[in-house]
Amino acid sequence: MRASRFFIATQKEAPAEAEIVSHKLMMRAGLIRRLAGGIYTWMPMGLRVLRKVETIVREEMNRAGAVELLMPAVQPFELWEESGRGPKYGPELLRFKDRHQRDFVIGPTHEEVITDVVRREVKSYKQLPRHFYQIQTKFRDEIRPRFGVMRGREFLMKDGYSFHSSYADLEREYRSLYETYTRIFTRLDLKFRAVAADTGSIGGTGSHEFHVLADSGEDAIAYCPDSDYAANVELAEALEPTGACAAATQPMQKIATPGKTKCEDIASLLSLPLQRIVKAIAVMRSEGGFALLLLRGDHDLNEVKAQKVIGEFRFAKDEEVEQALHCRPGYIGPVNQQAALFVDRSVAKMSDFVCGANEAGHHLTGVNWDRDLSMTTAVIADIRNVVAGDRSPDGKGCLELCRGIEVGHIFQLRTKYAEALKCQFIDEQGKEQVMEMGCYGIGVSRIVGAAIEQGNDDRGIVFPAAIAPFEVVIVPMGYNKIDAVRAAADKLLEDLQSRGIDAILDDRDERPGSMFADWELIGVPHRVVVGERGLKEGKLEYKGRLDSDVQMLPMADIADFMKLRIG
RNA sequence: CGGGGUGUAGCGCAGCCUGGUAGCGCGCUUGCUUUGGGAGCAAGAUGUCGAGAGUUCGAAUCCCUCCACCCCGACCA
């Protein structure tokens, strides 16, 4: 490739709307351009990266025995009614009508469509198992698209679906895809971690997420450095504190705490650690009305866990709190009131604690279970987020926290969709059975953002060689002026290409500084400079994107050298 | 959906408070010089000041409505 025929669209400044480093760099390097909120054009330079990611994913999926197909982006809404997922997916599902007033959606995912395909095509246990996948543009009408392609509304996804005659066979495929995903992210040269995950709206049991580790990630991951335990914080279990509840040593006392509505305020007022304060969170349950959730002051509510314990709920409005407890928010507590109590495990083991007095401007100190309030009707459960230092659920050490960008997700869907859509087969005994299903997703476009989030410096992107838009850039000093330079650069391009190396020759009439800056911004991993100075000694100049120094190499050796480097 | 913020040239921004000729830097065009780390000089082009309605002799500036975008939260892969 020659730069003069390609399209390079670098910019010195990123648009103000770009917040995180990968978004800024993708804009500056001319990889993407925004068309509308969360909707981007992949410019030629960016498309090369996207295609390289796609190729690795495709090769590994094929290797795992999955078969590629391509389903329509536009789907009839009836399928979503049939699966029962239409209402649940809600406004994120982009719906529209055709000229005959029939309802359609733009597919955010394809469980319904693939299940429809398989129920029509596959009738016998002899045709199972099957695994189909596609790499396709999806649309999800996100409430708040952000971070460029990391959370776009339109995005490229690899989605695969497997069908089985037994759960055991689904488990086998699930383990196999776990290995496949590990291979994919290893080949992409990303720092990643597989974590146990909540199954979310898609349902089913058994699920792992693959996260690229990055501080800007939207997900919190809990992991144990001393074992292989790792889970999304949404799911990670907070164990019961060890030891028994300490005996009461203080009487319960009401103290004035005017204006102190936050746990932190109370803690500093009383010179107590935050761990001695209990906060009460008021919620309205879909079934059963008002309830109080009790958490230690330094802990945060985990809504996913809480929902599993108490059912659907929302936070109570201020008026609802006043109505139920005759006290305004900020001073509410569990003592002397009738609301249903859901108590976090850690709170159940506390003694001599501080909580709201259900009287404006007052809190209670020295509160103890049994003596001051009953635990008999309370539900004790794990409803908080784990924090660093908590015991690992596998008992092998303590948890650490880090942040991740979810780039892959594998689910055991079991029979959820097969049942709803009557996707059945005839088994060896001639009996009709519902198929077991798995599904496996990779956010192809998100990977590009995640890779840049992980690989960048003050000069720009540092792409892993596997997905860089070009493997090598040839930068001549005076291509259009000096015949010897031109000849050497042209020959090098030919040599590299004949060895299957993806090289670009920057034959633009730019100044050296601009060319260097452009290619460092774009993140091409290898650079060869062709200059008159070196040519006099028959040498060219090599520099890796992260190298601090250049190497002078004999012209004759450079193609082999590059081949060795790139592998 | 709630709270906050921003919309002025392709990009980054000033001007707005206190109404009166629409500006700066980068980029772009042309010429000359320059040519190993984002060149210099000179000349030039580019605007529905987000949209609509209003106040006013006069609106980028004041008022109202709407739209878009960003951040925080809620929500969600």
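When reading the values below, keep in mind they use all heavy atoms of this one structure, side chains included, and skip hydrogens, waters and symmetry mates. To find a chain, count down the sequence lines: A is the first, B the second, and so on, and within it residues start at 1. Here the structure is a predicted model, which means the values were calculated and not measured.
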Tell me every residue that passes side chain to side chain donor-acceptor pair (under 3.5 Å) with A:E234, counting only those two or more places apart in sequence or in another chain.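 A:E234 satisfies side chain to side chain donor-acceptor pair (under 3.5 Å) with no residue once adjacent residues are dropped.
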Results of side chain to side chain donor-acceptor pair (under 3.5 Å) for A:S4 - residues two or more places apart only: A:D507
Searching all strands shown, indicate the nucleotide that pairs with [N] (Watson-Crick or G-U wobble; both distances under 3.5 Å).
N: B:C49; answer: none
N: B:A39; answer: B:U33
N: B:G7; answer: B:C67
N: B:G73; answer: B:C1
N: B:U56; answer: none
N: B:G44; answer: B:C28

Nearest-0.5 Å distance that lies between atom [atom1] in [X] and atom [atom2] in [Y]:
X: A:I221; Y: A:L401; atom1: CD1; atom2: CG; value: 9.5 Å
X: A:I184; Y: A:F210; atom1: CD1; atom2: CZ; value: 9.0 Å
X: A:F163; Y: A:E173; atom1: CZ; atom2: CD; value: 11.5 Å
X: A:L47; Y: A:M45; atom1: CG; atom2: CE; value: 11.5 Å

Does anything in residues 481-491 of chain A form a salt bridge (Lys or Arg N to Asp or Glu O under 4.0 Å)? List the pairs, not counting sequence neighbours. A:R2-A:D490, A:K491-A:D495
Per the salt bridge (Lys or Arg N to Asp or Glu O under 4.0 Å) rule, what does the pair list look like for residues 543-556 of chain A, sequence neighbours excluded?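 Those involving residues 543-556 of chain A are A:D457-A:R545.
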Please state the [atom1] separation for the pair [N] and [M] - nearest whole angstrom.
N: B:C24; M: B:A14; atom1: P; value: 16 Å
N: B:G27; M: B:G47; atom1: C1'; value: 16 Å
N: B:C16; M: B:A60; atom1: C1'; value: 7 Å
N: B:C66; M: B:G7; atom1: C1'; value: 14 Å
N: B:U46; M: B:C41; atom1: P; value: 23 Å
N: B:G52; M: B:C71; atom1: P; value: 28 Å

Where do N or O atoms of nucleotides 36-40 of chain B meet protein N or O atoms at under 3.5 Å, pair by pair?
residue : atom : partner : partner atom : Å
B:G36   : N1   : A:E541  : OE1          : 2.8
B:G36   : N2   : A:E541  : OE1          : 2.6
B:G36   : N2   : A:E541  : OE2          : 2.4
B:G37   : O6   : A:R527  : NH1          : 3.0
B:G37   : O6   : A:R527  : NH2          : 3.0
B:G37   : N1   : A:E520  : OE1          : 3.3
B:G37   : N1   : A:E520  : OE2          : 3.0
B:G37   : N2   : A:E520  : OE1          : 2.4
B:G38   : O2'  : A:K12   : NZ           : 2.9
B:G38   : N2   : A:D518  : OD1          : 2.8
B:A39   : OP2  : A:R511  : NE           : 3.1

Contact class for [X] vs. all strands (heavy atom < 4.0 Å): base, sugar-phosphate, or nothing?
X: A:A16; result: sugar-phosphate
X: A:N232; result: base
X: A:E303; result: sugar-phosphate

Are the charged groups of A:K416 and A:E111 less than 4.0 angstrom apart, N to O?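 Not counted as a salt bridge, because no side-chain N and carboxylate O are separated by less than 4.0 Å.
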The complete set of ring-ring contact (aromatic ring centres under 6.0 Å, His included) pairs with one or both residues in residues 521-544 of chain A, sequence neighbours excluded, reads A:H526-A:Y542, A:Y542-A:F561
Round to the nearest Å and state the distance from [X] atom [atom1] to [N] atom [atom2].
X: A:I8; N: B:G27; atom1: CD1; atom2: P; value: 17 Å
X: A:D509; N: B:U34; atom1: CG; atom2: C1'; value: 12 Å
X: A:M150; N: B:C71; atom1: CE; atom2: P; value: 12 Å
X: A:L235; N: B:C76; atom1: CG; atom2: P; value: 16 Å
X: A:F147; N: B:C70; atom1: CZ; atom2: C1'; value: 11 Å
X: A:E13; N: B:G25; atom1: CD; atom2: P; value: 13 Å

A:R459: partners by salt bridge (Lys or Arg N to Asp or Glu O under 4.0 Å), with sequence neighbours left out: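 Testing A:R459 for salt bridge (Lys or Arg N to Asp or Glu O under 4.0 Å), a comparison that skips the adjacent residues, returns A:E520.
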With sequence neighbours left out, write down each residue that passes salt bridge (Lys or Arg N to Asp or Glu O under 4.0 Å) with A:K305, or none if nothing qualifies.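 Listed in chain order: A:D382.
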Closest to the side chain of A:E17, out of B:C13, B:C69, B:C76, is B:C69
Anything under 30° is parallel, anything over 60° is perpendicular, the rest tilted; go ahead and classify A:F411 against A:H409. parallel
Can you say whether the rings of A:F470 and A:W519 are parallel (under 30°), tilted (30 to 60°) or perpendicular (over 60°)? perpendicular
Identify the pairs formed between an N or O of the protein and an N or O of nucleotides 42-46 of chain B at a distance under 3.5 Å, and give each distance.
none

Could you run down the sub-3.5 Å N/O contacts of the protein with nucleotides 1-3 of chain B?
none

Would you give me the side-chain donor-acceptor pairs under 3.5 Å for residues 5-17 of chain A, sequence neighbours excluded?
residue : atom : partner : partner atom : Å
A:T10   : OG1  : A:D518  : OD1          : 2.8
A:E17   : OE2  : A:R34   : NE           : 3.4

So if I take residues 34-42 of chain A and measure heavy-atom distances to RNA chain B, which residues fall below 4.0 Å? A:R34, A:G37
So does A:R146 reach the base of B:C69 with its side chain, donor to acceptor, closer than 3.5 Å?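 No.
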